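Reminder, nothing fancy here: chain letters follow the sequence lines and each chain counts from 1. Keep in mind that what you see is a predicted model, and the values were worked out from it rather than measured.
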Protein chains: 2
Amino acid sequence: MAELDSRDAAASQSRRGRPPSGAREQILATTYELLREKGIARLKTKEIAARAGVSEGSIFYHFRNREGLLSAAFEQAIAPLIALTGQGVGDQGLRETLTDFTAAVEQFLERAVVVMFAAQSDIDLRASLAQYLRGDVNRRPERGVRLVGEYLAGLQESGAIRTGVDVETAAFMLVSSCLFRVSYPWLIGEPAAVPARDEVVDTLIALLES
Amino acid sequence: MAELDSRDAAASQSRRGRPPSGAREQILATTYELLREKGIARLKTKEIAARAGVSEGSIFYHFRNREGLLSAAFEQAIAPLIALTGQGVGDQGLRETLTDFTAAVEQFLERAVVVMFAAQSDIDLRASLAQYLRGDVNRRPERGVRLVGEYLAGLQESGAIRTGVDVETAAFMLVSSCLFRVSYPWLIGEPAAVPARDEVVDTLIALLES
DNA sequence: GTCTATAGGTTGATAGAC
DNA sequence: GTCTATCAACCTATAGAC
């Protein structure tokens with residue numbers, strides 16, 4: 001499980017305010033970890049506290065209640081999305097650009113689907129996550145699609161991609177394939193038996209060029 | 001909400017065995033309904049009983065426990081998948097065939113994502129659903145992909161589709177787009193702001209023919 | 001901020017009559 | 001098969017000391 005800790009950085013950055021003891025971060029990291037392992041229905045504050053090495057009361061001190069804890073954990077897992085969509089896609093040639101982008105999308109989804117799925121278990125969490133995602137353009141799912149679509153549109157203008165192809169739709173299929181591939185193991189409990197990233201990129205390039 | 005009831009049919013088909021009173025079916029239908037509305041975390045046997053118009057004890061008589069009830073409800077929502085994959089895809093011309101197929105996939109997913117998501121809330125339910133899906137080839141997600149892939153491969157052999165295109169991957173992108181489109185409203189709480197089915201089909205055809 | 005101890009409120013599940 | 005009544009377990013959340 002990747003480390004979420006920004007403790008060290010935060011501690012050296014600012015000397016004002018309470019020095020973080022790390023309990024809050026530890027609780028969040030453990031929450032995500034257990035969420036992934038057992039699912040939200042088995043996520044008990046008691047166990048979070050035990051594994052995080054804090055008291056149960058500490059959880060409620062930091063997050064008020066269970067829902068507050070979950071929302072915080074959700075946000076922390078979704079936040080990296082901004083880094084992906086905030087800046088446009090680079091350009092290192094069509095194939096490498098698409099490959100890198102899809103890899104980044106999948107890396108994000110690898111963490112995100114855990115909370116996306118978990119949020120569906122409760123109408124309030126569902127609404128809460130939905131509102132959070134709607135709140136920033138860079139958090140909307142279509143954002144990534146548009147980014148790639150615009151990149152492709154640029155190539156289309158410059159003649160590198162043939163005209164007449166709906167580049168936005170092509171981008172949509174690309175991102176869609178990432179979601180399918182990442183979701184697959186959660187549903188089936190086995191590695192995804194679907195075409196790899198490269199195959200999708202290659203096939204899409206065959207569509208765009210040719 | 002679509003009716004799941006097969007009461008009448010079952011009653012007239014067989015005169016042997018206990019005549020179904022409909023309680024079991026009613027409980028299942030209500031379970032799915034509440035699952036969709038409020039999420040699995042808010043799904044209480046008490047409320048199911050109330051809305052289904054039966055006693056709480058009746059639920060445990062029919063399904064042993066909560067998990068049994070959920071598994072049964074899951075299966076009922078996933079079962080229609082067989083109808084989709086059991087028979088191959090027809091052939092009414094490329095465009096119409098793909099359009100019809102994607103429509104059918106989405107119609108299925110419209111119901112299925114509810115239980116697919118819900119199952120992720122608990123490691124046992126997750127494993128249980130995964131096992132169920134793995135149990136029959138026609139329930140595996142790659143099955144639909146293969147079906148379309150084979151259909152396209154046939155057209156490729158007959159020359160209707162240009163060679164050199166990875167038809168399996170094309171099929172994968174098609175199905176992927178359905179998952180994305182259907183999942184979108186659950187995540188964002190708004191209608192999907194992504195390319196429509198027809199646009200995907202058209203774009204894909206541009207790839208395959210040309 | 002963090003801990004311990006505890007209470008309050010739910011909820012799944014059972015027993016037994018009909 | 002269905003109901004009513006009841007329970008035992010569990011889990012979130014709070015109070016108060018340190």
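In this entry the distance linking CZ of A:Phe63 with P of D:dT14 reads 15 Å, nearest Å. One atom, NZ of B:Lys46, and another, C1' of D:dC3, lie 16 Å apart when rounded to the nearest Å. Distance A:Arg64 CZ to D:dA15 P: 12 Å, rounded to the nearest Å. As rounded to whole Å, 13 Å separates atom C1' of C:dA13 from atom CG of B:Leu69. As a whole-Å value, the separation of B:Ile48 CD1 from C:dA13 P is 11 Å. Rounded to whole angstrom, the span from the NZ atom of B:Lys38 across to the C1' atom of C:dT11 amounts to 15 Å. D:dC11 atom P lies 10 Å from atom CD of A:Glu47, rounded to whole Å. With rounding to whole Å, B:Arg66 atom CZ is found 15 Å from C:dT14 atom P.
Between B:Leu81 and B:Asn138 there is no side-chain heavy-atom pair separated by less than 4.5 Å.
Of the side-chain N and O atoms in B:Lys44, one or more sit less than 4.0 angstrom from OP1 or OP2 of C:dT11. For A:Thr45, a side-chain nitrogen or oxygen approaches OP1 or OP2 of D:dT12 to under 4.0 Å.
More than 12 heavy atoms of other shown residues, nucleotides or ligands fall within 6.0 angstrom of atom CD in B:Glu199.
When each of D:dT12, D:dC3, C:dT2 is scored by its nearest atom to the side-chain atoms of B:Ser55, the top-ranked nucleotide is D:dC3. Listed candidates were D:dA13, C:dG12, C:dT2. Nearest to the side chain of A:Asn65 is D:dA13. In this structure, of D:dA13, C:dT2, D:dT2, it is C:dT2 that holds the atom nearest to the side chain of A:Ala23. Side-chain proximity of B:His62 to D:dT14, D:dC3, D:dT2: nearest is D:dT2.
A salt bridge links A:Asp124 with B:Arg42: the distance from a Lys NZ or Arg NE/NH1/NH2 to an Asp or Glu carboxylate oxygen falls below 4.0 Å.
Although no hydrogens or angles enter the test, the distance criterion places a donor-acceptor pair under 3.5 Å between the side chain of B:Gln156 and the main chain of B:Val165.
When heavy atoms are screened at a 4.0 angstrom cut-off, B:Ile27 is found touching no nucleic acid atom at all.
Aromatic ring orientation, A:Phe172 versus B:Phe180: tilted (interplanar angle from 30° to 60°).
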